[in-house]
Amino acid sequence: MSYAAIMVGSAFVPSLPFNPNPNPNPNGSLPSPNNTSNTGGVGCGGTEDPNHNTMKPTVTVAASSGFKWRLVMAYDGTHYSGWQYQQSPPTIQCIVEKALTQATKLERKDLLLVGASRTDKGVHALGQVAHFVTPFNYDSLESIHAALNGLLPSDIRVREISPAMPEFHARFSAKRKIYHYKIYNDTIMDPFQHRYAYHCAYKLNAAVMREAASYFIGKHDFSAFVNASHNDRVRDPVKNIFRFDVIEMGALLQLEVEGSGFLYRQVRNMVALLLQIGKEAIPPDIVPMILASRDRKELAKYALSAPPHGLCLVTVNYNEEHLGLPSGCLKTSFGRHHTISKCKLPFY
């Protein structure tokens, strides 16, 4: 089975006004999914009007559920209470939905925004993936892309927007996720790292941390590494860890973990135990003993959760067929650069 990662683009877009003028079919209903003329599927069809900065939704045929769109987002989670929707204190999903409702003129209940990972309070993301739906199509994705980033605060950015297949689901279609946890291991904290790396003034032994991390690789019951969550459904505690690397980059120690999925605070709990092992307070072979216990209280004897600000969701991987673009659809938007027709220099 092959997997494909949602790769993030490097271009950011300017703040531009936007009026999508969403107007589904005149009768208010979606077209029949059996009539597929002039479209190529979800998110397809339409032409760009070169004489207008905004976009008109193309009155073309959509599936009965509308047109589905995939977002790749990056955000600094410092000032937010995680991804999952709540109004106060604000969350990433809440802020993104507000921008989407302004840009599309749709209600929250109609957008059906879903994120791949429900990152916790203070956790960052470079490659969070989400999807939403609209009852109308677009002529171009660059304008809606620019509009969203113009409406969002500067610490949340849409990196990509693309049409998605009807069967794509940001959360349930995900096959692998990659998280990085950064530790700044020096006596004095680098002020430029303090929001994105945990400061550990104890000298860490990276070699024993690497040995301990190897015990996590494979399919295990991670009940001992999950925190109770009052708002989450009961989840399968068996997860498959494909790799767990400990990389030294000067004073920065980067822990990279890739798995089929992760339980609530699982990554931070694994990191916390590796920190204690790196301090040489406990031996590396304690990892299989705690795993075998399947008891969160056993882990609590040795470590508490690592702070959230060192953690970042880097990549979400999907089966290639789930990332396919519908036939004849709009191309993915990575943002657009400004251009000028002639050199404009300030006068002094």
Side-chain angles (χ1 to χ4, degrees), residues 6 8-73 96-108 110-113 129-152 157-168 170 323-341:
I6 295 267
V8 295
S10 58
F12 280 57
V13 295
S15 300
L16 296 176
F18 175 65
N19 178 15
N21 185 28
N23 181 25
N25 291 337
N27 61 7
S29 61
L30 291 174
S32 166
N34 296 322
N35 180 5
T36 56
S37 61
N38 301 325
T39 75
V42 173
C44 303
T47 58
E48 183 174 356
D49 181 357
N51 300 316
H52 204 273
N53 289 330
T54 61
M55 298 172 304
K56 299 175 294 181
T58 308
V59 182
T60 52
V61 181
S64 59
S65 58
F67 296 89
K68 185 174 283 189
W69 312 97
R70 179 170 51 242
L71 303 173
V72 181
M73 295 176 289
V96 173
E97 284 185 350
K98 284 182 179 179
L100 281 169
T101 56
Q102 291 181 68
T104 64
K105 309 304 180 188
L106 297 173
E107 297 294 327
R108 174 178 180 257
D110 300 319
L111 291 166
L112 302 176
L113 179 68
V129 179
H131 75 258
F132 69 98
V133 297
T134 60
F136 49 77
N137 199 0
Y138 286 106
D139 295 329
S140 167
L141 291 179
E142 286 190 345
S143 295
I144 180 68
H145 194 169
L148 288 174
N149 280 336
L151 291 164
L152 289 167
R157 278 293 171 264
V158 174
R159 306 291 298 274
E160 299 176 19
I161 179 169
S162 62
M165 299 290 282
E167 59 268 26
F168 174 81
L323 292 182
L325 298 179
S327 174
C329 67
L330 300 171
K331 64 180 181 180
T332 299
S333 172
F334 298 97
R336 60 189 176 196
H337 292 283
H338 281 192
T339 59
I340 56 175
S341 58

Could you tell me which non-hydrogen atom of Leu141 sits nearest to which non-hydrogen atom of Ser162, and how far apart they are? CD1-CA, 3.8 Å
Rounded to the nearest 0.5 Å, how far does CG of Leu330 lie from CG of Asp139? 8.0 Å
Between Asn149 and Arg157 (side chain of the first, backbone of the second, donor and acceptor by atom type, cut-off under 3.5 Å), is there such a pair? no
Could you tell me the separation between the CG atom of Leu325 and the CE atom of Met165, rounded to the nearest 0.5 Å? 8.5 Å
Side chains of Arg70 and Val129: does their closest heavy-atom pair fall under 4.5 Å? yes
For the atom pair CD (Glu107) and CG (Leu100), what is the distance rounded to the nearest 0.5 Å? 12.5 Å
Taking atom CG of Asp110 and atom CZ of Phe132, what is their separation to the nearest 0.5 Å? 12.5 Å
Within this structure, what is the CG-OG1 distance for the pair Leu111 and Thr104, rounded to the nearest 0.5 Å? 4.5 Å
Quick check: closest heavy atoms across Ser143 and Arg336, and the distance to 0.1 Å? OG-NH1, 3.8 Å
Apply the side-chain contact (heavy atoms from CB on, under 4.5 Å) test between Val96 and each candidate in Thr101, Leu152, Leu151; give the one that qualifies. Leu152
How are the rings of Phe67 and Trp69 set to each other: parallel, tilted or perpendicular (split at 30° and 60°)? parallel
Given side chains that start at C-beta, do those of Pro135 and Leu106 come closer than 4.5 Å, heavy atoms only? yes
Closest approach of Ile144 and Ala103, non-hydrogen atoms and distance? CD1-CB, 3.7 Å
Interatomic distance, CZ@Arg108 vs CG@Leu113, rounded to 0.5 Å, equals 8.5 Å
For residues His131 and Phe168, report the shortest heavy-atom separation together with the two atoms involved. CB-CE2, 4.1 Å
